[in-house]
Amino acid sequence: MGPSYWWMLLGMALVTYIPRMIPLAVLDGKELPPVVSGVLRNIPYAVLGALIFPAILFVQEGNILFGVLGAGAAFLIAILGGGVMSVVLGTIAVLAVYSLFM
Amino acid sequence: MTNNQFSAGLKAGTSIAIGYFPVALTFGLLAKTAGLSIIEATAMSIFVYAGAAQYMSLSLITLGIDPLLIVMNTFVVNIRHFLMTASLNEKMQPARKWVKAIYAFGITDESFTVLATGKKGKIPTAFAFGVTLIAYGSWVIFTVIGHIIGANLPQFLQAAMSIALYAMFIGLLVPSMKGNRKVVMLAALGAVIHCILYFTEALSTGWSILVATLASSILVEIVYSRRGKTAESMFIREEEV
């Protein structure tokens, strides 16, 4: 890779950092209208839904069952009251066993 | 006190570090395959620090795409973080702008969700530094290791570990869903809209996550503010009676 790689990297770094930084640095201490802050408070849960589905179904190419099994295991452990770490490790364990024997 | 919050942040971010392990390892490996030196690959993880965009840039580099287009693609893929930091800003403890500008660098899908769902009340700045630092450290270190060893994990483990980040998202979401119909609606609607956008190929990934999140957040807010108003007016009527 030549010098153009480093210019590209600089560009990628800036366009990634600026959207992350502006709201935290600029909106700081500003009172937003209640409707706007209501919508903003909803975002973590809406984004979790969008991040999980449909991507979790495609973690293994060409085998949706694998993703379905993983999602099922994760939801089950979480509903039974497992913490985040137990959900992560438990789901990995379930799928590791599945891929070893399937 | 601050130290405690920092360690608590490191601890809360550990599941991200586990989830990044296979993803960053594979990134290091693919970067090597795409012809990037270890310095070039690690520099991307250090300065850009954005999983999906980094992966995409590799395939675009291999295809010989104009670097300017790769930068624009990165912007589109990462614009969703604007929404996340705007939301996070509502929950963060007040701090100097330059301090917030530092941890802002570490806000990814994963660190955002860990921070935003973790604590009742305001999130301490030291906690945010703990979460973002362990995630960032793991991303950079495993990129290096992936490039050096140039090989995947054993097949069964690689496959199983690729679920880690999604399992983490589920582990963060479910406790908030219990007894909270609004959270259930938000997540379900976000998922459904994203699936529709994905399967109809209406938008590229970066935009579709952003649109699905925003649409769900706004729609549910409208439903709840209407309900709030009807409940209020019924209450007033009862009082009048």
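Reminder, nothing fancy here: chain letters follow the sequence lines and each chain counts from 1.
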Contacting region of [X] [heavy-atom separation from chain A under 4.5 Å]:
X	value
B/Ala188	neither
B/Lys178	side chain
B/Phe112	side chain
B/Ile39	both
B/Ile61	side chain
B/Glu40	both
B/Tyr198	side chain

Look at atom CG of B/Leu63 and say whether more than 12 heavy atoms of other residues, nucleotides or ligands are closer to it than 6.0 Å.
yes
For atom NZ of B/Lys122, is the number of surrounding heavy atoms from other residues, nucleotides or ligands below 6.0 Å larger than 12?
yes
What part of [X] is in contact with chain B, defined as an atom under 4.5 angstrom from a non-hydrogen atom: side chain, backbone, both or neither?
X	result
A/Leu89	side chain
A/Trp7	neither
A/Ile22	side chain
A/Phe101	neither
A/Ile18	neither

Does B/Lys32 use its side chain to pair, donor to acceptor, with the backbone of B/Phe27 at less than 3.5 Å?
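No, because the side chain of B/Lys32 does not come within donor-acceptor range (under 3.5 Å) of the backbone of B/Phe27.
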If only atom types and distance count, is the side chain of B/Ser45 paired as donor or acceptor with the main-chain N or O of B/Val140 below 3.5 Å?
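No, because the side chain of B/Ser45 does not come within donor-acceptor range (under 3.5 Å) of the backbone of B/Val140.
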Check whether the side chains of A/Ser99 and B/Gln158 place a donor and an acceptor atom closer than 3.5 Å, and report yes or no.
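No, because no side-chain N or O of A/Ser99 sits under 3.5 Å from a partner of the opposite role on B/Gln158.
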Can a donor-acceptor pair be found between the side chains of B/Thr108 and B/Ser111 at a distance below 3.5 Å?
yes
With sequence neighbours excluded, tell me which residues meet ring pair (Phe, Tyr, Trp, His ring centres under 6.0 Å) with A/Tyr5.
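Not a single residue meets the ring pair (Phe, Tyr, Trp, His ring centres under 6.0 Å) criterion with A/Tyr5.
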Before giving the answer on salt bridge (charged side-chain N to carboxylate O under 4.0 Å, His left out), spell out for B/Lys182 and B/Glu221 the whole-Å C-alpha distance, their side-chain angles and the decisive distance to 0.1 Å.
CA-CA 9 Å; B/Lys182 193 177 185 185; B/Glu221 197 58 29; 3.3 Å; yes
For chain A, the option from [options] that forms the most heavy-atom pairs under 4.5 Å:
options	result
B/Ser37, B/Cys195, B/Ser216	B/Cys195
B/Val192, B/Val71, B/Ile170	B/Ile170
B/Ala43, B/Pro175, B/Ser208	B/Ala43
B/Met161, B/Met44, B/Met168	B/Met44
B/Val183, B/Ile193, B/Ile209	B/Val183
B/Ile79, B/Leu189, B/Leu83	B/Leu83

Output the residues of residues 49-57 of chain B for which the shortest heavy-atom distance to chain A is under 4.5 Å, in residue-number order; output 'none' if no such residue exists.
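Within residues 49-57 of chain B, the residues under 4.5 Å from chain A are B/Tyr49, B/Ala50, B/Ala53, B/Ser57.
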B/Phe129 CZ to B/Tyr103 OH distance, which is reported to the nearest 0.5 Å
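The OH atom of B/Tyr103 is 7.5 Å from CZ of B/Phe129, to the nearest 0.5 Å.
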Which of parallel (below 30°), tilted (30 to 60°) and perpendicular (above 60°) describes A/Phe66 and A/Tyr98?
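Taking A/Tyr98 first and then A/Phe66, their aromatic rings sit tilted (interplane angle of 30° to 60°).
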4.5 Å side-chain heavy-atom contact, B/Leu165 and B/Tyr20
yes
